[in-house]
Amino acid sequence: MELLLLLLLPLIFISTAAHSLPLFLPRAAQSLISKSNKYPNLPYIAHYFPQELDHFAYRRRSYGVFYQKYLLNSTFWERGEPIFVYTGNEGDIEWFAANTGFMMDIAPKFRALLVFIEHRYYGVSKPFGEESFKSAENLGYLNSAQALADYAVLIRSLKQNLSAESSPVVVFGGSYGGMLAAWFRLKYPQIAIGALSSSAPILQFDDITPWSSFYDATSQDYKDESMNCFAVIKKGWDELMWFSMKNGLSELSKLFRTCENLHSVYEARNWLWEAFVYSAMVDYPVEANFIRQLPANPVQKMCRIIDGFPPEVDILTKVFSAASLYYNYSGSQSCFDIGHEADSHGLSVWNWQACTEMVMPMTCSNESMFPPSAYDYEQFADQCMMTFGVRPRPHWITTEYGGHNIKQVLSRFGSNIIFSNGMRDPWSRGGVLENISSTIVAIVTQKGAHHLDFRSATKEDPTWLIEQRKEEVEIIKSWIDRYKGDEMI
Ligand SMILES: *[C@@H]1O[C@H](CO)[C@@H](O)[C@H](O)[C@H]1NC(C)=O
Ligand SMILES: *[C@@H]1O[C@H](CO)[C@@H](O)[C@H](O)[C@H]1NC(C)=O
Ligand SMILES: *[C@@H]1O[C@H](CO)[C@@H](O)[C@H](O)[C@H]1NC(C)=O
Ligand SMILES: *[C@@H]1O[C@H](CO)[C@@H](O)[C@H](O)[C@H]1NC(C)=O
Ligand SMILES: *[C@@H]1O[C@H](CO)[C@@H](O)[C@H](O)[C@H]1NC(C)=O
């Protein structure tokens with residue numbers, strides 16, 4: 001059983017989630033403007049841009065056009081003032097817009113235009129509609145370089161249409177979107193004057209970051225709460241196997257309150273795994289609903305559940321109860337649909353990306369709270385071949401965008417990038433955590449989690465978070481001031 005880690009979700013290798021959204025827009029939709037419907041109160045208007053299928057070849061097929069969705073809010077914008085662009089990542093763009101309130105919060109101060117661009121093949125921006133995922137032939141146009149080129153082409157067109165040639169563009173992105181934002185600044189400096197790249201593990205490739213760091217960091221979060229919590233979860237995996245061998249799957253299904261009987265013990269294992277890993281990623285200091293509705297400090301809350309049981313209670317009950325917090329914080333689940341979770345954010349396409357260029361090797365060390373596992377590249381590549389008919393190119397990302405010796409390389413090339421990371425987020429270990437130059441800076445918070453800085457400000461925000469956002473705003477302002485100063489000359 002291979003677990004593939006998605007930037008946002010550790011998915012089981014082959015997702016069973018059906019592709020939904022049969023929303024390929026016909027040609028007539030070229031000028032279509034619609035109010036978004038998935039998040040009815042989202043303060044953006046959706047537009048669809050006729051985007052070229054293949055920016056890098058001149059075959060007949062390359063010139064095919066698909067409709068790329070983007071969201072716009074021009075309420076605060078004044079001509080000549082900045083354009084803030086979110087470089088969409090692996091999901092429906094409305095989901096990211098709804099969870100990146102930071103850009104809206106700072107727009108009035110900058111009198112900025114806000115643009116969120118959907119990543120090709122996600123949401124409704126599918127080049128071949130429902131056929132997009134049918135074959136490598138159709139999926140082959142899904143890669144980061146095409147996505148960056150999409151953003152460049154779209155931004156140029158938008159600036160032209162709005163007569164906004166003089167407006168400086170700043171790109172924003174979180175997670176994989178943060179990688180794209182940073183890479184966009186490096187590849188298209190003529191289009192973006194700077195990038196805020198939040199929780200972007202651009203060093204998670206090749207052997208730049210130790211392969212065990214993601215799960216070691218996850219484990220550290222639980223260890224920080226209590227050694228008992230860590231130890232109980234660590235023992236839980238063996239207990240799960242024993243229980244299932246001794247009592248069978250139907251007893252296990254009862255214990256886990258599943259809606260239907262489990263088909264395999266691995267369904268239960270993945271269910272627990274997801275709860276512990278995601279809670280570490282989104283271990284926000286305030287209540288939030290990014291992946292799911294969760295309380296403030298979910299890791300602490302899970303550990304309190306585990307530590308609150310008398311020692312004689314069996315381990316599986318403890319870990320199940322902790323994981324239930326993740327799946328049932330709202331209290332609305334009458335049973336758990338383990339093994340049939342819907343892909344509500346449309347993320348399953350990520351497996352293609354993970355099987356081609358986004359190869360991020362991961363292991364579980366014996367120090368972690370997960371069962372130790374090695375990384376078997378050949379096995380992974382064979383599975384990709386079986387699923388998609390292609391083999392990965394594991395070194396392409398570092399060839400295309402760099403990553404090795406990043407400090408040496410970027411201190412002499414490039415400028416105006418903020419890499420922000422919160423150390424509670426397991427992905428932070430693959431991020432840029434050191435200042436590279438006076439204009440390529442790392443903003444690190446010990447208690448932050450996965451692109452926490454991008455969330456809307458709330459009354460409960462701790463001081464360190466307020467300070468972090470303030471520092472980011474000041475840096476962005478300095479880029480814009482400098483740009484405007486240069487323009488005068
Ligand atoms: C743009 O955002 C502002 C502030 O959130 C909101 O008042 C306005 O209605 C939005 N505009 C559109 C077109 O949604
Ligand atoms: C700019 O205008 C052209 C012509 O109307 C249109 O085809 C294109 O989609 C517009 N660009 C954007 C980014 O909306
Ligand atoms: C979910 O939480 C509610 C409220 O605490 C509880 O009544 C229900 O049994 C829980 N569901 C499961 C499957 O444990
Ligand atoms: C953990 O792994 C290390 C290196 O792989 C090894 O030296 C050590 O003995 C292992 N510890 C345990 C408790 O298995
Ligand atoms: C990088 O420099 C900024 C000041 O420009 C500072 O606030 C920040 O703490 C530094 N980051 C690290 C990781 O030292």
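Keep in mind that this is a model prediction, so the values were computed, not measured.
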Query raised in the report: Would you call Lys318-Asp307 a salt bridge at under 4.0 Å N-O?
Result: no
Report task. Using side-chain contact (heavy atoms from CB on, under 4.5 Å) as the criterion, list what pairs up with His404, not counting sequence neighbours. Result -> Asp206, Asp207, Ile208, Thr398
Requested in this report: Could you tell me whether Glu472 and Arg469 make a salt bridge, using a distance below 4.0 angstrom between a side-chain N and a carboxylate O?
Outcome: no
Query raised in the report: With sequence neighbours left out, what residues match Glu287 under side chain to side chain donor-acceptor pair (under 3.5 Å)?
Result: Gln293, Tyr329
Report summary line: Nearest heavy-atom approach of Ala275 to Ala323 is CB-CB, 3.8 Å
Query - Minimal non-hydrogen separation, Gln333 against Tyr327, with atom names - result: CG-O, 3.4 Å
Query raised in the report: Under 3.5 Å, is there a donor-acceptor pair between the Glu367 and Ser219 side chains?
Result: no
Requested in this report: List the steps and the verdict of side-chain hydrogen bond (donor to acceptor under 3.5 Å, both in side chains) for Ser212 and Asp216.
Outcome: CA-CA 6 Å; Ser212 68; Asp216 287 341; 2.8 Å; yes
Report task. Apply side-chain contact (heavy atoms from CB on, under 4.5 Å) to the pair Phe84 and Ile106, showing each step before the final yes or no. Result -> CA-CA 10 Å; Phe84 289 170; Ile106 67 174; 3.8 Å; yes
Query - Heavy-atom side-chain contact between Val115 and Ile117 under 4.5 Å - result: yes
Query raised in the report: What distance do Ile417 atom CD1 and Ile440 atom CD1 have between them, rounded to the nearest 0.5 Å?
Result: 4.5 Å
Requested in this report: Determine, using ring centers only, whether Tyr176 and Trp183 are less than 6.0 Å apart.
Outcome: no
Requested in this report: If the plane angle is over 60° it's perpendicular, under 30° parallel, otherwise tilted; pick one for Tyr375 and Trp211.
Outcome: perpendicular
Query raised in the report: Is the shortest distance from a Lys or Arg side-chain nitrogen in Glu225 or Arg424 to a carboxylate oxygen in the other one below 4.0 Å?
Result: yes
Query raised in the report: Side chains of Asp224 and Gln220: is there a donor and an acceptor less than 3.5 Å apart?
Result: yes
Query raised in the report: Have Ser175 and Asn89 got a donor and an acceptor in their side chains that come within less than 3.5 Å?
Result: no
Requested in this report: Report the C-alpha distance between Phe419 and Val441 in whole Å, list the side-chain angles of each, state the deciding distance to 0.1 Å, and finish with yes or no for side-chain contact (heavy atoms from CB on, under 4.5 Å).
Outcome: CA-CA 6 Å; Phe419 291 103; Val441 296; over 6 Å; no
Query raised in the report: Less than 4.5 Å apart, any side-chain heavy atom of Glu274 and any of Tyr326?
Result: yes
Query raised in the report: Does the pair Leu196 and Phe454 meet the rule for a side-chain contact (heavy atoms from CB on, under 4.5 Å), with working shown?
Result: CA-CA 10 Å; Leu196 173 48; Phe454 275 14; 3.7 Å; yes
**Report entry** Arg455/Asp461 under salt bridge (charged side-chain N to carboxylate O under 4.0 Å, His left out): CA gap, chis, key distance, verdict
**Finding:** CA-CA 10 Å; Arg455 304 196 63 78; Asp461 288 343; over 6 Å; no
Report task. Report the C-alpha distance between Thr317 and Leu255 in whole Å, list the side-chain angles of each, state the deciding distance to 0.1 Å, and finish with yes or no for side-chain contact (heavy atoms from CB on, under 4.5 Å). Result -> CA-CA 8 Å; Thr317 299; Leu255 180 67; 4.1 Å; yes
**Report entry** Ser197 (side chain) donor-acceptor with Gly178 (main chain) under 3.5 angstrom
**Finding:** yes
Requested in this report: State plainly whether the residues Glu94 and Lys69 are in salt-bridge range, i.e. N to O under 4.0 Å.
Outcome: yes
Report summary line: To the nearest 0.5 Å, atom CG of Asp221 lies from atom OG of Ser279 at 10.0 Å
Report task. Please check if the distance between the ring centroids of Tyr44 and Phe116 is under 6.0 Å. Result -> yes
Query raised in the report: Taking the side chain as C-beta and beyond, is there a heavy-atom pair between Glu90 and His119 under 4.5 Å?
Result: no
Query raised in the report: Met241 versus Tyr266: any side-chain heavy-atom pair under 4.5 Å?
Result: yes
Query - Considering all heavy atoms, the nearest Gly88-Ile93 contact - result: CA-CD1, 3.9 Å
Query raised in the report: Would you say the side chain of Phe388 lies within less than 4.5 Å of the side chain of Met385, judging by non-hydrogen atoms?
Result: no
Report summary line: Smallest heavy-atom separation, Pro361 atom then Gln204 atom, equals CD-O, 3.9 Å
Query raised in the report: Distance from Leu148 atom CG to Arg185 atom CZ, nearest 0.5 Å?
Result: 14.0 Å
Report task. Please name all residues satisfying ring-ring contact (aromatic ring centres under 6.0 Å, His included) with Phe102, sequence neighbours left out, ordered by chain then number. Result -> none
Requested in this report: For residues Ala457 and Asp105, report the shortest heavy-atom separation together with the two atoms involved.
Outcome: N-OD2, 2.8 Å
Query raised in the report: Taking 4.0 angstrom as the limit, do Lys234 and Glu239 come out as a salt bridge?
Result: no
Query raised in the report: For the residue pair His451 and Phe290, is the inter-centroid distance of their aromatic rings smaller than 6.0 Å?
Result: yes
Query raised in the report: Does a side-chain heavy-atom distance below 4.5 Å link Val390 with Trp352?
Result: yes
Report summary line: The residue among Leu452, Thr445, Thr458 that forms side-chain contact (heavy atoms from CB on, under 4.5 Å) with Leu465 is Leu452
Query raised in the report: Between Phe230, Tyr222, Tyr215, Phe276, which is the residue that forms a ring pair (Phe, Tyr, Trp, His ring centres under 6.0 Å) with Phe370?
Result: Tyr215
Query - Closest non-hydrogen atom pair, Leu186 against Leu410 - result: CD2-CD2, 3.9 Å
**Report entry** Ring geometry between Phe320 and Trp271 (parallel below 30°, tilted from 30 to 60°, perpendicular above 60°)
**Finding:** parallel
